[in-house]
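Okay, structure first, notes after.
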Amino acid sequence: MQPTLFPLQNTGSDEPQKNIIGEGSLNPAQLEAVTTVDGPVLVIAGAGSGKTRTLVYRLAHLVEQGISPENILLLTFTRKASQEMVSRASMLMDDNCRKVMGGTFHSIANLLLRRYGHHVGFAPNFTILDRSDSEGIVNLIKSSLEIGSGESKRFPSKRIILNILSGAVNKSRQLDDLVYNHYSHLVEFLDDISRIQKHYSQFKKDHGLMDYDDLLVYFRDVLANVPEVRAEVSNRFQYVMVDEYQDTNRIQAEIVRHIGGGHNNVMAVGDDSQSIYSFRGADFRNIMDFPKLFPDTKMIRLEENYRSTQSILETTNAIISRAQERYTKTLFSSIEGGGRPVLYGAKDESDQARFVAKKIASLHNQGRPLKDMAVLFRSGFHSYKLELELTNRHIRFEKRGGLKLTETAHIKDVLSFFRIICNEQDYLSWNRILLQLPKVGPKTVQKILETVKMVDDPVSVLKTFQAGKTWKQPFVEMLEMMTDLLQMQSPVSQFDRILEYYQPLFERLYADDFPRRQKELDHLKNIIGEYDSLQSFLDDTALDPPETGFEAPELEDDALILSTIHSAKGLEWDTVFVIHLADGKFPSSHSAADPEQYEEERRLLYVAATRAKSELFLSYPRESVAPDRSRQYCSLTPFLAELPSGLVVSRKPGMFQSSGGENFEAARYIPRKKTSHNSSPAGKTEGQSFHEGVAVRHGFFGEGRITHMKDSRTAEVYFPRHGLKILRLDYAKLELVNS
DNA sequence: AGCCCGTCGGTTTTT
DNA sequence: CCGACGGGCT
């Protein structure tokens, strides 16, 4: 949410406006993007240029134009983003907007493949695999093909193998081509990798499993090869909007082309300077190819930044201006004030952590809420030291982009039972739960599963299996439980039945810290209780997994945000710290060799720095401890070292204690204009003056008059150009008009 | 001999 | 928290 957007240039114009959006809410370029309803549109939106706002307003506009929300498709990068946009549009317009179909490419593909998947050989109860599931299958195949065991040379790990397989899919390249060009050191293993690829793909088909890539690929295939489905889907989604288009890959672009092909009402929004997902096959040049997919595309550029101060923008502009290739122009801002970004060369990692924690504590004492500050970093583990420091100082924080709850072993255990209930062919899950039996290892599991190969009802067939003496008892108990589960209806009672069996195993398996894990199991039960379908619960565990390390619900939810830069995409904070900006860590030494990856790291830093509204702190440790405990000197990341002097204020250890009234300490907290969200309820502060008869202004509907207060927080407002609306003052951004 | 299970070092980024 | 490794069980 942004501070004041400058008013429309044409206010007071005498031509009567159709499609009126409330004045003062959108600039001309945004307005054009919002009101262009038909035909293809490409919006190149710089960081902080009101991209989300534009999408939200357009959503509301479409619905107000009488387009049925069911006919609108909003494709976003995370599910959170789409929920947020839909709910903001609902506040702007009305609850009708909630019927808009919104989600990630993967979640939409999932929904439609449940219905149309039979065209590509999948039953509707297929299971979605997350990353570690996929790696598990690669491992199973590796050992069953006896690859990489006895050889003298090191065969690549399952992680690398999967990177290669997935890379080939997402970059739409042949396996050998990819290996020769990007994994040349692994060319000697190409034959084995290729064998794994074939078996991996067959295994998934045989057992009703789809990984993330399959969701996209099969969805694309159905659309491409089955004209009736394509027509049905395209007809259903008459208006398509795609956010973060710079991070889509070719398969996703093809999906958009197929859905939008019938009517061409497609809007893509993105910024090539913020493309940071090439490892997933995204190519920032794709965004420039959009007009090729949709001829006669109208191009709109949003170049005014409403987020950051001009001095922060000068630095971020300088960072991105050194990019080798880009299309967007330099951003400008009219937000004055605030100091220059601060660059802190810390003595070492501990000093860096202390600096960040102290600074945050001091800003917090000056009145800045913790949730308006964030610390960003390249990799998840970069924040470990800081987490300790924050804990010591009792500063509450919330970590994003860390381990997911569903990636922890005990949760995966429980999920495996559920997955088998939905899809008895899921041998990956069978593998997992059979391994839990005492004295049963990989070899024994393979023998067991051989005997039920391809039968429709493994549970009943397994009952005839001759189990080994040592594990017969638990094996039989497990099968009894599975039989019970298959007859039960409510997921919560199924959960209880699973725990009846699993609890003793669980306590034995995780003897050291099972109380902590127990809480997570309880948490899982609560989550399951919120679903009415087991299938959709399981889908979400892969497509929208809850973060781990959840806390007991606390009343005050003010917490500092720690986040990987990737997970910070699209977000903003008043104060942003970016840490570990040392050469070798950022860019990571992994990327240094490849110019394309090196450039992506630069964009990553750009994304990080453009999250800041009023204060930006950049830091790096001058010294780090190498694996052999020797101390290593670190230099500043080249992305910052190459900047002209004067853009940032440099600080060294010790300097920030001897204040001396310098610029650094002068960076005071100036409260920004509050958004309606986190200000106290309107009924208390300004709300006193909302009453029947007063003139008000709404961001979308324009000026109107309150005709009736339904209660202290709900107003009925008549807008001349939009009619009577019921608005909740807690959410709707309503201003008084002095008349 | 085959297999299971405990211990010890390294870890991009995400749907 | 995964993979490699070696001890020890069947």
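Letters A, B, ... are given to chains in the order of the sequence lines, protein chains preceding strands, and every chain is numbered from 1.
Which of B:dT11, B:dT15, B:dC4 sits closest to the side chain of A:F381 comes down to B:dT11. Of the candidates C:dC1, B:dT15, B:dT12, the closest approach to any side-chain atom of A:Y212 belongs to B:dT15. Looking at the side chain of A:T564, the nearest of the listed nucleotides B:dT14, B:dT15, B:dT12 is B:dT14. Checked against B:dT14, B:dT12, C:dG3, the side chain of A:K158 finds its nearest nucleotide in C:dG3. Candidate nucleotides B:dT13, B:dT15, B:dC4 were compared by shortest atom distance to the side chain of A:T444, and B:dC4 ranks first. The side chain of A:T104 approaches B:dT15 more closely than any other nucleotide in the set B:dC3, B:dT15, B:dT13. Picking from B:dC4, B:dT12, B:dT15 the nucleotide with the shortest atom distance to the side chain of A:P442 gives B:dC4.
An OP1 or OP2 oxygen of C:dG3 is reached within less than 4.0 angstrom by no side-chain nitrogen or oxygen of A:S157. For B:dT14, one of the phosphate oxygens OP1 or OP2 lies less than 4.0 angstrom from a side-chain nitrogen or oxygen of A:S567. Under 4.0 angstrom from either OP1 or OP2 of C:dG3 there lies at least one side-chain N or O belonging to A:N139.
Here C:dC2 presents its P atom at 13 Å from CG of A:L435, a figure rounded to the nearest Å. As a whole-Å value, the separation of A:E135 CD from B:dT11 P is 15 Å. Counting to the nearest Å, the P atom of B:dT12 and the CD atom of A:E596 are 21 Å from each other. The nearest whole Å value for the distance from the NZ atom in A:K142 to the P atom in C:dC2 is 14 Å. Remark: C1' of B:dT14 and CG of A:D213 are 11 Å apart, rounded to the nearest angstrom. We find that CG of A:N170 is positioned 11 Å from C1' of B:dT14, with the value rounded to whole Å. The CD1 atom of A:I160 sits 12 Å away from the P atom of C:dG3 (whole-angstrom rounding). Atom CG of A:D540 and atom C1' of B:dT14 are 16 Å apart (whole Å).
Within the model, atoms OG1 of A:T637 and CG of A:L618 stand 10.0 Å from one another, a figure rounded to the nearest 0.5 Å. To the nearest 0.5 Å, the span separating CZ on A:R285 from CG on A:D283 amounts to 5.0 Å. The CG atom of A:D583 sits 8.5 Å away from atom CZ of A:F639, with the distance rounded to the nearest 0.5 Å. Residue A:F417 holds its CZ atom at 9.5 Å from CZ of A:R432, rounded to the nearest 0.5 Å.
The shortest non-hydrogen separation linking A:S273 to A:Y606 is O-CD2, 3.6 Å.
Straight-line distance between the C1' atoms of B:dT12 and C:dA4: roughly 23 Å, to the nearest whole Å.
Comparing A:V440 and A:L604 against DNA chain B, the residue whose closest nucleotide sits nearer the 5' end is A:V440. If A:G441 and A:T78 are placed on DNA chain B by their nearest nucleotide, the residue sitting closer to the 5' end is A:G441.
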Quiz item: With the sugar-phosphate defined as primed atoms, P, OP1 and OP2, and the base as all remaining atoms, what B/S/- string results for nucleotides 5-10 of chain C, 5' to 3', for protein heavy atoms under 4.0 Å?
Solution: ------
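Residues forming a side-chain contact (heavy atoms from CB on, under 4.5 Å) with A:V169 (at least two apart in sequence, or on another chain): A:D213, A:V217, A:I251. Applying the side-chain contact (heavy atoms from CB on, under 4.5 Å) criterion to A:L388, with sequence neighbours excluded, gives no partner residue. In this structure, the side-chain contact (heavy atoms from CB on, under 4.5 Å) partners of A:R250, at least two apart in sequence or on a different chain, are A:S172, A:E254. Not counting sequence neighbours, the partners of A:K439 by the side-chain contact (heavy atoms from CB on, under 4.5 Å) test are A:T470, A:W471.
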Practice problem: Give the dot-bracket string for DNA chain B, reading 5' to 3', where a pair is Watson-Crick or G-U wobble with both distances under 3.5 Å, ( ) marks pairs inside the strand, [ ] marks pairs crossing earlier ones, | marks a partner on another strand, and . marks unpaired. | Solution: |||||||||......
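Among the atoms of the strands shown, none is found under 4.0 Å from any heavy atom of A:S107. Contacts of A:Y277 with the nucleic acid, taken as non-hydrogen atoms under 4.0 Å apart, involve only primed sugar atoms and P, OP1 or OP2. Among the heavy atoms of the strands, none lies under 4.0 Å from A:D211.
In this structure, the aromatic ring of A:F279 is positioned over the six-membered ring of the base of B:dT13, centres within 5.5 Å and planes within 30°.
Screening A:R114, A:R79, A:R419 against A:D539 for a salt bridge (Lys or Arg N to Asp or Glu O under 4.0 Å) leaves a single residue, A:R114.
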Practice problem: Start with the C-alpha gap between A:H207 and A:Y427, add the side-chain angles, then the distance that decides, and say whether ring pair (Phe, Tyr, Trp, His ring centres under 6.0 Å) holds. | Solution: CA-CA 7 Å; A:H207 299 111; A:Y427 279 22; 4.3 Å; yes
